[in-house]
Every structure is written in C-alpha cells, then in structure tokens.
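Sequential numbering from 1 along the given sequence is applied to the chain's residues.
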Amino acid sequence: MAPFLRILGIETSCDETAAAVVERAVDGQPTVRSDVVLSQLEEHSAYGGVVPEIAARAHVEALDTLIDEALKRANVSLSDIDAIAATSGPGLIGGLLVGLMTGKAIAKASGKPLYAVNHLEGHALTARLTDGLAFPYLMLLVSGGHTQLILVRGVGQYERWGTTIDDALGEAFDKTAKLLSLPYPGGPAVERAAKSGNPDRFNFPRPLVGEAKLNFSFSGLKTAVRQAASDIAPLTERDVADICASFQKAISRTLKDRIGRGLARFTAEFPNVDGGPALVVAGGVAANLEVRSTLQSLCDKHGFRFVAPPLHLCTDNAVMIAWAGLERMATGVAPDDLDVQPRSRWPLDSNAETLLGFGKRGAKA
C-alpha cells in the first residue's frame, strides 16, 4: 500500500474559485501541499451580492490557471495524483457545472477516479484535517447560505439537528448591511460598525429562543432592524453603529439559547466521547468575534472543546473538498461515475423533514 493518498480538489460553488492538492497518510495524518483561492469580491461588490452569471463566467476564466498553479505549488503533476474531488453541490448551478465538468474532464483524460463532493461535507470534515477530531461531534455551519447544527457521526453519516426556517445568518448580516448602506460583504462591515455602537439601545427580537426544537429564524430580526432604521431615518453614523451593535447582541443571545440546547442534547445522547465532546464552527460568519466569543463561552460552560479551523478553511476553499474526497477514499467509498450531475440543493441528510417556508422543494440544503 502507498504511504499516502493524494487528491486534487476543485471548488466553484459560489464566488471563490479554488484548487488544492492534499495528502492523507495511512495513519490519517493530512498534508496540505497547495491551497489556491481566487476571490470574486470586486466583481460582485458593485451589486451588493453575488451575481450567478458573473460568478460562473469568472470560474470559467480562472479555473484552469488555478489548477495549474495548485499542481505547481505542490510540485506534482497529474500523474502523481490519485483522484480528483470536485464540489457537486449545493451552490450556484452555473459555478457547480464549471467545476464538476472540469473535474470530469481531468478524471477522464488522466484515468483517475472522480469524487463528486457535497460542499457541506467538506465543512463538516475540515476539523478532522486541522485538529484530528474523532467522531462524533457537533458542527455549527454559519454562512451566507446556511445556518445548520449538524451531528457528525462519521464519514457520510450526518444528522441535522437544527436549520434555519428562513434566512441564513450570513444572509441576515448582508441584508442588514445593505439596508444601512454599509459595503459588501456585509458581515465584516456590520462587525466593524458595531465596535463603536451601544448594544443596548435597540431591543431586537431573539427568534425562537425557548423553543425545544433547535431550528433558527432570522427573517423577523431582519424586519425589526428595517423598522428601527425607518423610524429614526435619516440615520447618523451613531445610529448605524448602535443598530449594528444591537443586531449582533440579538444574534449572540439567539445562538446562546439555540446552541446551548444543542450541547445539552449532545451530552445526554453521547455521555462518553473519546477525547471529550466538541463543537466545530465553520462558514464565513465564524470570523465574527462576537459569535466566536458566544460559542467559546457556551463550550466552556458545558465542558465542550471549541474547534474553529483557521478562517481560510472556514470559508469556501478546495482543501476541504480534497480532504472530504480523501476521507471517502480511506473509508472505501466508491468513486462517482462520470455522468454524475451537479445539485444546487443537496442536504447532508436527505431524509430531513420539510420545514415551513420551503414547500415542495423540501428542507433547505
């Protein structure tokens, strides 16, 4: 048996084009040989959000060059690669098509196996790459498209304990920033403004606090922010800072209740976890210091280890896609056929119940 497996990863699900080469030794130890990410922030900032058509074209223009760069930085050629892993969903369908079709072409031309990876599985398994975390553990995924609390039992074994029934947390940050005429991306802009604000000026709602089910809701909070801004318009710089600080405080209190209940449930269901229980946070909102502080305090209170991978591995990247492919290879999962199709909606737990707000389309991915 070879001393390690080596995969080329490709990520194009939204507005970052990324390629990476990652290795996994027989004992499970990872080595990131290269990690190349090209952000499309400038292309989308004028529109206050991601424009799918622009994103897809940018992926087409950049991906081949990024793959070449990833191989060059890793000092390997395609012949040295054991498999290809490409994001197959969920995400913007145009971008997914670009990345998956490129992965298929490389796999066909090189005779290497292809792994069509669920982007969310990449996030779910990153903590095993960065911290060697053992199963099971909890993951909070907080990004522009997702807010989910997921039990990670093993590779390919996921159970969604909670999800947003309307807006994702990152989406709420972006829309609040746009409402207040703050720059895109909204999350960092709201956090910067909040630093000089009074978090007690506005008493914004804490959605679903006290509910037994572990779901999230941020649409009502977003509406309350809009109403407060409208009531005192035109807004001064102080008004904007106070709204942002009060908004973040409401988010913090909501997460404290929702995640606190999740940690208590995990402790009850898994009282004896090797290495102790752990909460992993992933997604762009994981960069928010208020959110991190809240989660760290919760973990300290409940006796959990708090695991936050480096920020560049919390946001969209190809390292996590390659690692997810490696984890699947190591557990004997068969590669995908080359007729595999991208999926704009692809929940980790396909049997999740349909929630209010999603109709026939089922539970949000």
Side-chain angles (χ1 to χ4, degrees), residues 90 118-128 133-172 206-219 251-283 285-286 291-292 294-309 314 324 345-358 361-365:
N118 186 315
H119 178 90
L120 306 184
E121 183 168 43
H123 281 302
L125 297 176
T126 296
R128 287 175 51 77
L133 209 56
F135 299 122
Y137 53 86
L138 275 180
M139 178 187 69
L140 174 65
L141 176 59
V142 277
S143 67
H146 303 92
T147 301
Q148 299 181 355
L149 184 62
I150 297 172
L151 171 65
V152 183
R153 290 183 180 272
V155 178
Q157 301 175 49
Y158 309 101
E159 183 179 323
R160 193 186 327 174
W161 281 8
T163 190
T164 179
I165 62 175
D166 41 58
D167 291 347
L169 182 51
E171 184 180 358
R206 280 71 160 162
L208 299 185
V209 165
E211 291 286 333
K213 288 188 176 181
L214 301 177
N215 293 320
F216 305 86
S217 172
F218 299 106
S219 180
I251 293 294
S252 176
R253 296 300 183 271
T254 299
L255 291 177
K256 184 177 181 180
D257 176 84
R258 305 284 75 209
I259 306 306
R261 290 172 182 270
L263 299 185
R265 175 180 170 182
F266 186 94
T267 300
E269 295 189 15
F270 301 95
N272 299 302
V273 177
D274 289 343
L279 173 70
V280 175
V281 63
V285 183
V291 170
R292 285 199 176 213
T294 297
L295 297 177
Q296 181 68 69
S297 296
L298 274 173
C299 286
D300 291 344
K301 177 181 178 181
H302 289 266
F304 273 64
R305 176 183 175 188
F306 179 53
V307 179
C314 283
R345 300 171 70 87
W346 188 6
L348 276 179
D349 53 340
S350 58
N351 295 324
E353 65 176 350
T354 299
L355 296 178
L356 179 66
F358 301 121
R361 300 183 72 185
K364 189 172 182 180

Colleague: Can you check whether P207's main-chain N or O pairs, donor with acceptor, with S217's side chain at less than 3.5 Å?
Modeller: no
Colleague: Looking at G260 and H302, what are the two nearest heavy atoms and their distance?
Modeller: O-CE1, 3.7 Å
Colleague: Would you say the side-chain atoms of E121 pair up with the backbone N or O of G156, donor to acceptor, closer than 3.5 Å?
Modeller: yes
Colleague: What is the minimum heavy-atom distance between G262 and W161, and which atoms define it?
Modeller: O-CZ3, 3.6 Å
Colleague: So, taking the atom named CD in Q296 and the one named CZ in F304, what distance separates them when rounded to the nearest 0.5 Å?
Modeller: 13.0 Å
Colleague: Using modelled atom types only, decide if a donor and an acceptor are shared between the side chain of R261 and the backbone of V209 within a distance under 3.5 Å.
Modeller: no
Colleague: Yes or no on side-chain contact (heavy atoms from CB on, under 4.5 Å) for F216 and V142, after CA distance, side-chain angles and deciding distance?
Modeller: CA-CA 11 Å; F216 305 86; V142 277; over 6 Å; no
Colleague: If we ignore angles and hydrogens, is there a donor and acceptor under 3.5 Å between the side chains of D167 and S219?
Modeller: no
Colleague: To the nearest 0.5 angstrom, please state how far the OG1 atom of T164 sits from the NE2 atom of H146.
Modeller: 10.5 Å
Colleague: Closest approach of A168 and G145, non-hydrogen atoms and distance?
Modeller: CB-C, 3.6 Å
Colleague: Just verifying a value: how many Å separate K256 NZ and I251 CD1, rounded to the nearest 0.5 Å?
Modeller: 15.0 Å
Colleague: When you compare the side chain of H119 with that of P90, does any pair of heavy atoms fall below 4.5 Å?
Modeller: yes
Colleague: Is a donor on one side and an acceptor on the other found under 3.5 Å between the side chain of R292 and the backbone of V281?
Modeller: no
Colleague: Among V280, L151, L279, find the one that has a side chain to side chain contact (heavy atoms under 4.5 Å, CB included) with Y137.
Modeller: V280
Colleague: Quick one: CZ on R206 to OG1 on T254, what's the gap to the nearest 0.5 Å?
Modeller: 7.0 Å
Colleague: Does the pair F218 and T147 meet the rule for a side-chain contact (heavy atoms from CB on, under 4.5 Å), with working shown?
Modeller: CA-CA 10 Å; F218 299 106; T147 301; 3.9 Å; yes
Colleague: Taking I165's backbone N and O only, do any of them form a donor-acceptor pair with N215's side chain (distance below 3.5 Å, no angle check)?
Modeller: no
Colleague: List the steps, then state whether side-chain contact (heavy atoms from CB on, under 4.5 Å) holds for I259 with L149.
Modeller: CA-CA 8 Å; I259 306 306; L149 184 62; 4.1 Å; yes
Colleague: Which pair of non-hydrogen atoms, one from P136 and one from F266, has the smallest distance, and what is that distance?
Modeller: O-CZ, 3.7 Å
Colleague: Identify the two heavy atoms, one from A282 and one from A286, that lie closest to each other, and give their separation to 0.1 Å.
Modeller: C-CB, 4.2 Å
Colleague: Whether the side chain of R258 engages the backbone of K213 through a donor-acceptor N/O pair (distance < 3.5 Å, no angle test) should be reported.
Modeller: yes
Colleague: Could you report the tightest heavy-atom contact between V155 and F135, atom names first, then the distance?
Modeller: N-CZ, 3.7 Å
Colleague: Could you measure the distance from the CD1 atom of I150 to the CG atom of L348? Nearest 0.5 Å is fine.
Modeller: 5.0 Å
Colleague: What distance separates D257 CG from L298 CG, expressed to the nearest 0.5 Å?
Modeller: 9.5 Å
Colleague: Mark yes or no for whether D349, through its side chain, and R160, through its backbone, hold a donor-acceptor pair below 3.5 Å.
Modeller: yes
